[in-house]
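Chain identifiers are assigned alphabetically (A, B, ...) following the order of the sequence lines, protein sequences preceding nucleic acid strands; residue numbering begins at 1 within each chain.
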There are 2 protein chains.
Amino acid sequence: MARKSKIQSDRPTLVDVAREAGVSAITVSRTIRSPEIVSERARRKVEEAIRKLGYTPDPAASALASRSTSTIGLLVPSLTNNVFADVLRGVYEGVEGTRFFVQIGNYRYSALSEEGLIRNFLSQRPAGLIVSSMDQTPAGRKLLEEAPCPVVQIMETSVDSVDMSVGFDQLEAVRAAARHVAECGYRRPGFLSARMDPRAQRRLAAFREVAAAHDMLDEARIITTPQPSSVGMGRHLLEQLLARAPETDAVICNNDDLAVGALMEAIRRNIAVPEQLGICSYNDIEMARHMVPALSAVATPRREIGRRAIAMLLAEIEAPGSVRERHIDLGYELVVRESTSSR
Amino acid sequence: MARKSKIQSDRPTLVDVAREAGVSAITVSRTIRSPEIVSERARRKVEEAIRKLGYTPDPAASALASRSTSTIGLLVPSLTNNVFADVLRGVYEGVEGTRFFVQIGNYRYSALSEEGLIRNFLSQRPAGLIVSSMDQTPAGRKLLEEAPCPVVQIMETSVDSVDMSVGFDQLEAVRAAARHVAECGYRRPGFLSARMDPRAQRRLAAFREVAAAHDMLDEARIITTPQPSSVGMGRHLLEQLLARAPETDAVICNNDDLAVGALMEAIRRNIAVPEQLGICSYNDIEMARHMVPALSAVATPRREIGRRAIAMLLAEIEAPGSVRERHIDLGYELVVRESTSSR
DNA sequence: TTGAAAGCGCTAACAA
DNA sequence: TTGTTAGCGCTTTCAA
């Protein structure tokens with residue numbers, strides 16, 4: 001009646017390691033989590049036993065007992081948008097080599113899905129959360145505010161963010177693009193935007209504001225679509241723009257895909273860029289600078305946002321309350337290339 | 001001495017729900033997992049109690065007790081490579097609305113990291129695993145073979161895959177590109193490839209084979225780099241190619257980024273595409289068809305691979321052994337556009 | 001520095 | 001259809 005025999009699962013447990021090493025289970029646990037508080041001798045025996053048995057801790061048991069995990073939840077609105085690909089890269093660079101691992105939730109630009117994902121992540125007791133928007137549902141926002149872990153909101157600057165934030169001033173960035181176009185001497189600029197999520201809406205509003213201030217706002221030159229951004233969509237939107245407002249002499253694109261598409265459409269139509277049509281892009285992903293003509297753009301610090309967000313989060317996890325600078329503005333940069341020029 | 005009082009964590013548990021509903025804990029558990037085996041009456045009381053208390057199950061406890069999770073591990077070699085962005089999209093489409101969620105591991109084209117990630121995922125007792133390569137380390141492969149969950153290998157067709165597979169014949173796809181170029185009448189084709197992982201190596205070998213068969217192989221026209229693929233790298237590689245082999249009359253690019261870069265470089269140099277230089281791309285991401293001239297390419301079924309992989313995996317998880325077609329070849333398609341033409 | 005005892009919140013296995 | 005019992009593998013707490 002060997003009650004204690006392992007019936008199935010040949011996977012070794014902490015107790016197996018303890019037996020092998022001739023110590024107690026808790027000593028093994030401590031050897032793994034804080035080796036510095038275990039005696040040299042015990043530590044060596046335990047490490048030896050772990051190696052011998054090929055022991056791997058069970059994260060579920062650990063999570064249950066300690067009420068916390070090593071998971072960092074990352075909520076993004078899209079996986080295909082290159083902008084977030086760069087953010088992801090920064091985040092992964094930052095967790096590499098730590099005990100944490102990232103779990104991505106894709107809410108597909110739906111605040112309701114985002115709320116569901118927040119709930120789902122929270123139920124897993126994550127070590128921390130990174131969210132890509134400031135536009136949660138009220139319930140979603142409340143969940144974040146009461147989250148029992150640090151939270152970093154990324155992409156925008158924000159005074160009323162839930163906890164910490166890393167981003168840049170998206171509105172000022174768009175204004176810089178609009179001002180640049182005006183300073184080049186373009187007088188009838190259009191604005192192209194896809195995927196009209198709240199952030200895109202705000203950027204459009206910022207464009208309107210600057211365009212109006214320069215007395216060059218015409219609603220007929222604002223072309224938007226709720227559909228996702230893509231190069232094809234950029235071509236399509238420019239086509240619509242030119243049909244509605246042939247006088248257009250410049251376009252600001254809310255995204256690089258769109259700008260590349262607009263450029264290609266202009267080339268197809270033998271419209272000279274930047275002479276007949278100026279193009280200014282937003283974000284400045286790698287390909288933008290290699291187009292012919294090279295695209296002028298407002299460059300946004302996407303990868304750095306990912307890096308800093310994870311760094312803040314890890315610091316805050318290790319020592320709650322230790323992060324002094326809780327709201328980081330990484331700025332943006334206007335990069336003037338060939339697709340815009342003084343006239 | 002109320003021993004049972006909850007000291008901290010105000011989060012309600014299964015037992016709290018059970019008490020509230022006037023049933024046992026296991027009935028609550030069943031109501032959540034398989035409501036159909038619980039009486040109408042009990043179910044209603046439990047649902048009511050769950051709502052009232054705002055109960056959310058603790059996945060860690062569930063994982064520990066049941067020895068399995070709802071996590072699906074997805075191992076990719078890169079997060080920035082558009083190819084995998086499309087695969088991801090397909091995968092996420094497939095898990096949407098199921099009880100599973102995807103956890104991504106990025107092994108950065110390092111088989112050793114991949115092995116570590118496999119180990120790490122496995123320690124979490126995932127419901128299933130999707131891996132993007134056939135090139136594991138021996139230890140990595142062994143881990144997959146002995147994995148206590150279904151495994152799908154994606155991207156290539158394979159007879160000796162670990163468990164299930166979804167992909168297409170990468171070598172045949174490259175051969176199709178090479179044949180197409182030959183049939184167009186180009187006689188001195190080059191080959192551009194970045195990130196020389198094992199798969200890229202194999203594709204290069206396939207190109208060599210066809211080029212040799214058509215008597216148009218010249219090693220001087222094969223330009224590769226271990227660095228990551230990018231549009232800028234495409235420009236750079238074409239530059240090198242033309243410096244080494246000015247007679248080149250076509251290039252096959254191992255990737256769309258490279259092809260776009262090569263096209264841009266050709267345009268910069270006033271080389272007429274497709275007349276002086278034919279360009280054939282690989283994968284055919286969305287942007288390829290919108291370039292001017294539009295890129296001819298071998299289109300690969302990336303999103304569909306993601307969709308099918310997750311579908312197979314879920315079917316196999318629900319009913320082990322139930323999946324009949326365990327190796328799916330999704331094929332590829334040669335799409336002839338403007339960047340190649342008969343001469 | 002080490003250990004014993006007592007759970008963490010859930011589910012498997014069996015019994016009623 | 002429902003309940004009882006006994007853990008899952010780890011960490012917390014307290015004591016030695």
Regarding B:Gln136 and B:Glu115, is there a side-chain donor-to-acceptor distance under 3.5 Å anywhere?
no

Please classify the nucleic acid contact of A:Ala60 as base, sugar-phosphate, or nothing, using heavy-atom distances under 4.0 Å.
nothing

Shortest side-chain distance from A:Val38, nucleotide among D:dG3, C:dT2, D:dG7
C:dT2

Nearest to the side chain of A:Thr27 - C:dA13, C:dT2, D:dT11?
C:dT2

Check every strand shown and say whether A:Pro59 touches a base, only sugar-phosphate, or nothing at a heavy-atom separation below 4.0 Å.
nothing

From the list D:dT11, C:dG9, D:dC8, which nucleotide is the closest neighbour of the side chain of A:Ser66?
D:dT11

Does A:Ser62 put a side-chain nitrogen or oxygen below 4.0 Å from OP1 or OP2 of D:dT11?
yes

With a non-hydrogen cut-off below 4.0 angstrom, is B:Ala25 in contact with a base, only sugar-phosphate, or nothing?
nothing

Taking the minimum atom-to-atom distance to the side chain of A:Arg125, which one of C:dT11, D:dT11, C:dG9 wins?
C:dG9

Closest nucleotide among D:dT4, D:dT2, D:dG9 to the B:Arg67 side chain
D:dG9

Between D:dT12, C:dG9, D:dC10, spot the one nearest the side chain of B:Leu64, thanks.
C:dG9

C:dC10 phosphate, OP1 or OP2: any side-chain N/O from B:Arg30 under 4.0 angstrom?
no

